[in-house]
Amino acid sequence: MNVRRSAAALAAVTALTGAAAAPAVAASPSPSASPTLPSGLYGSADPTYDGVWRQSLALLAQDTVGVKPAARAVDWLTGQQCSNGAWAPFRVDPALACDAKTMVDTNSTAAAVQALAALGGHDDATDRAVTWLKSAQNKDGGWGYTATGAGDTNSTSVVIGALTAVGEKPADVRKGGHSPYDALQQLALPCDGAGAGAFAFQPDREGKLVANADATAAGVLGALGKGMVVEPGERAEVGECETGPKELAANGAAHLSKALAKDGHLMSSLPGATDQPDYGNTADAVVALAAQGGAERAAEPLAWLEKNSAAWAKQSGPAAYAQLILAAHATGTDPRDFGGTDLVKQLNATGPAPQAAGEATDNASESGSDSDSDSDSDGSGVSVWWMVGVGLAAGAGIGFLISGRNKRQQP
């Protein structure tokens, strides 16, 4: 769930190099002052690669804990939408029409759909977005980061969450006779051998599937047909080595439990960098484990996050706070006292103050933005722009870069 978040940066690197490492949905780029940040946007970091992702997570997390987001924060998100229904990670001037060079992507679009569907009252925006997402579906039933990109576990899973959020049945959304669950099955490792039960982000250069913890956390939610907000589930009793969606989710959860057993958290690993705890992917793993097996199954990594995540979240910003709030929600934990930290207060402080009870909710009244003014964009040509930005994003130390949420390669 992490973004992917700018999600895409690592994914782009994967696409360019054929490496097995997957992009991460990290929490958000390391804060860096930006002189042109819109007033409705959460966070102070450069939004170029994760603006829509982190805004969507922030709004979704606020809604989950009963906080009504500021109207201008919602307006900012809706104003970023292109007239064809898609979202790019960030558009400096939403008044300018989207065109073939606008870097729209499935992750930003699906995250925005989940947030706006939760808030309610944005059916036109979400309907147009879902129509675009369906048009971007690959013939194997899955989705890539871009409309023309190779499918991956994270993108497919976040789109499944968007479909579920608007009342669609993901199993019925098919292309070439294949559903999203068929695509996830092709990205799942066998239930024996190295990486047993995990999901890969994408096949590597040789077509081999390599276990990836971030992709596995996303894949578990996708296989369960769930979005970013989940309630504690019950561990399903599944047959040995079966490959239906519930079995894929159970296998993935078992892999995550094994990966977390040693330290209670996941590790990030990037070429040339020292391995370190991966807070964002650990939070995603908590959500996945709770969704598949209940709060008790996620107890150990949750306790580690409560003890250790405060400094990371403070540095990483709104998407990180949102990830932790969603992990708390999935396990029935109080996000206002998460290891002594009030995550809700901290998240609210990164953007415009939420609406007070009874305040008007006309989200169109403050910003005056109008996404319908944009010209149509079919997403073609996106990959070139996106790949150009990848190097910049990867070098920025993004924490959340598919969602949001970085996706790190795990053994």
Side-chain angles (χ1 to χ4, degrees), residues 1-2 4 22 24-27 57 61 64 153-154 157-158 160-161 164 184 188-189 191 195-201 211-238 244-268 277-309 320 322-335 338-339 343 403-405 407-408 410-411:
M1 161 205 321
N2 277 336
R4 300 176 184 10
V25 180
L57 263 68
T64 298
T153 295
N154 297 74
S157 296
V158 74
I160 287 175
T164 299
L184 288 180
L189 277 73
C191 53
F199 286 86
F201 172 69
N212 179 278
D214 183 62
T216 301
V220 169
L221 293 181
L224 291 172
K226 296 184 179 295
M228 300 179 191
V229 179
V230 305
E231 306 295 333
E234 296 182 1
R235 191 177 306 195
E237 297 297 328
V238 299
K246 289 184 178 180
E247 289 76 19
L248 293 178
N251 295 340
H255 175 84
L256 288 175
S257 293
K258 184 177 180 180
L260 289 160
K262 179 180 178 181
D263 302 311
H265 61 83
L266 299 175
M267 297 293 291
S268 64
D278 193 325
Y279 301 88
N281 285 344
T282 299
D284 289 346
V286 166
V287 175
L289 289 174
Q292 196 280 326
E296 182 178 351
R297 192 168 196 185
E300 185 176 356
L302 178 71
W304 183 86
L305 286 171
E306 288 185 288
K307 183 178 180 180
N308 297 285
S309 64
Q323 282 182 273
L324 294 175
I325 288 171
L326 296 178
H329 178 79
T331 55
T333 304
D334 185 1
F338 192 81
L343 298 174
S403 353
R405 263 163 168 226
K407 304 173 174 148
R408 315 291 191 189
Q410 298 294 331

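For the numbers below, each heavy atom of this structure counts, side chains included, while hydrogens, waters and symmetry mates do not.
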Under 3.5 Å, side-chain donor or acceptor atoms of residues 295-308 against the rest of the protein: list the pairs with distances, not counting sequence neighbours.
| from | atom 1 | to | atom 2 | distance (Å) |
| --- | --- | --- | --- | --- |
| Arg297 | NE | Ser257 | OG | 3.3 |
| Arg297 | NH1 | Gln292 | OE1 | 2.5 |
| Asn308 | ND2 | Trp304 | O | 2.9 |

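- Note that NE2 of His255 is 4.5 Å distant from OG1 of Thr216, once rounded to the nearest 0.5 Å.
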Review point. Could you go step by step and tell me if Met228 and Val287 meet the side chain to side chain contact (heavy atoms under 4.5 Å, CB included) rule?
Key: CA-CA 8 Å; Met228 300 179 191; Val287 175; over 6 Å; no
Point to revise | Intermediate values then yes/no, side chain to side chain contact (heavy atoms under 4.5 Å, CB included), Tyr279 and Leu324 | key: CA-CA 9 Å; Tyr279 301 88; Leu324 294 175; over 6 Å; no
Practice item. Any chance you could lay out the side chain to side chain contact (heavy atoms under 4.5 Å, CB included) test for Ser157 and Leu221, step after step, and finish with the verdict? Key: CA-CA 7 Å; Ser157 296; Leu221 293 181; 5.7 Å; no
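- Across all their heavy atoms, Ala215 and Thr153 have their closest contact at O-CG2, 3.2 Å.
- In plain terms, the two heavy atoms of Leu256 and Ala217 that are nearest each other are CD1-CA, 3.9 Å.
- Within the model, atoms CD1 of Ile325 and OG1 of Thr333 stand 12.5 Å from one another, a figure rounded to the nearest 0.5 Å.
- Rounding to the nearest 0.5 angstrom, the gap separating the CG atom in Leu189 from the CG atom in Leu248 is 11.0 Å.
- Scanning both residues, Met267 and Asp278, for their nearest heavy atoms gives C-CB, 3.8 Å.
- A distance of 10.0 Å separates OG1 of Thr164 from CG of Leu224, quoted to the nearest 0.5 Å.
- The two residues Ala213 and Leu266 have their closest heavy-atom pair at CB-CD1, 3.8 Å.
- The heavy-atom pair separating Gly264 from Thr282 by the smallest distance is O-CG2, 4.3 Å.
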**Study point:** Test side chain to side chain contact (heavy atoms under 4.5 Å, CB included) applied to Asp214 and Phe201, step by step
**Key:** CA-CA 8 Å; Asp214 183 62; Phe201 172 69; over 6 Å; no
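- When all heavy atoms of Leu184 and Gly219 are compared, the closest pair comes out as CD1-O, 4.3 Å.
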